Amino acid sequence: MPERTRLPVIAVLATGGTIAGAQAAQQGVGYVAGSYDIATLLAAVPTLAGVADLRPEQIANVGSQDMNHTVWHALATRIRALMADPGIDGIVVTHGTDTLEETAYFLDLTMPCGKPLVLTGAMRPATALGADGPANLYAAVALAGHESARGRGALVVMNEDIHEARGVQKVAAAGLAAFASPDRGRAGVMQAGAPCFHRGLPLSPPIVPWRTAALPPPDQWPRVGIVYAHADMQVDVIDFMADRCQGLVMAGVGDGNASAAALQALARAAARGVAVVRASRTRRGRVARNVEVNDDALGLIAAGDLNPEKARVLLMLGLMSTSDRAALCRCFESA
Ligand code: SIN
């Protein structure tokens, strides 16, 4: 690829979050996410003018606890168009941190794996002393304009750490170091405004049909819910959800386990045609098939190292093309 002799052209798609949040008073702890628009956020980082030629767009302006499939569909549609636009070199998405990993993984699975696609947010609102949003935004734009970020799928940059969408998790409710990739490790770091990757490109990105297929309208996306296992779990909640969902993910104890009664309820759901995935509430380590739980006998699917909320994303996308358990198992083994 010949070296660029002009600034990269970067589309910045804003969705809200704390990065766009405003406090009523700088001394107080309270704030409202999604208060500022993207033009205001970019104006707070004037040095970006020397880094990229920016194309800001407001896709939504919500706290990411309100992120939903309608916004995901709008983001995916817009990003696909920008990926195909020869005038755009990279894409940044600003996002609330609470569900950022879910959006990142959704986009990782549904967008072409070519131009850099970088998500970022902030732990402190834009009006806070020591707000982290401007530095994160600067890092995201610099990363999205860098050749070495191409072909890596969706990346997340927070607090100078670069993460791959599949492995990243929000691991702390507060504090600047709130993101980590517990099993796989960071993909790299930002240093002096440029990325330094710890590993090369994936040999071949996972083949997922949703990268090219048109996504159905969001009101037709399969409904997939998450149930959380715990001591003395009342299993009627599983039956309740199985009545309403096409897919269920269990955030199981340990390696995706649950009480005998809960496993029986999940097996009942699977026998009725609900796709049931076992993940772990521990958020680390792999949930492997047929180890402590006999998935094949119960009709269940093991989530591997996906946490419950990412397993939900993959199961929902999988159910868009198949409800066959063996095919869904292959999705989880290869995605
Ligand atoms: C949100 O996710 O929108 C609120 C929290 C944050 O962005 O840090």
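Remember, it's 1-based here, ligands and their atoms both numbered in the order they're listed. Values in this document were obtained by computation on a predicted structure and should not be read as measured data. As a basis for the values below, the full set of heavy atoms in this structure was taken, side chains included, without hydrogen atoms, waters or symmetry mates.
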> Do D108 and R166 meet the salt-bridge criterion of a basic N to acidic O distance under 4.0 Å?
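D108 and R166: not salt-bridged.
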> Looking at ligand 1, would A122 count as a contact under a 4.0 Å heavy-atom criterion?
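A heavy atom of A122 does come that close to ligand 1.
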> Can you tell whether the side chains of E164 and R199 come within less than 4.0 Å, N to carboxylate O?
yes
> Considering only protein heavy atoms, which is closest to atom 2 (O) of ligand 1, and at what distance to one decimal place?
S64 OG, 2.5 Å
> So which heavy atom in the protein is nearest atom 8 (O) of ligand 1, and how far is it from that ligand atom?
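Atom 8 (O) of ligand 1 sits closest to the protein heavy atom T97 OG1, 2.4 Å.
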> What residue and atom, counting heavy atoms only, is the protein's closest point to atom 5 (C) of ligand 1, and at what distance?
T18 OG1, 3.0 Å
> Using only atom types and a distance under 3.5 Å, with no angle test, would you say the side chain of D89 pairs donor to acceptor with the backbone of I10?
no
> Between ligand 1 and T99, is the shortest N or O to N or O distance under 3.5 Å?
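No; the residue has no nitrogen or oxygen that sits under 3.5 Å from a nitrogen or oxygen of the ligand.
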> Give a yes or no on whether V92 and L82 share a hydrophobic cluster (residues Ile, Leu, Val, Met, Phe, Trp, Tyr; joining criterion: side-chain heavy atoms under 4.5 Å apart).
no
> Relative to the heavy atoms of G63, which atoms of ligand 1 are at a distance of less than 4.0 Å?
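Numbered from 1, ligand 1 contributes 3 (O).
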> Would you please test R184 and D305 for salt bridge (Lys or Arg N to Asp or Glu O under 4.0 Å) and show each step?
CA-CA 9 Å; R184 298 179 172 222; D305 64 358; 3.0 Å; yes
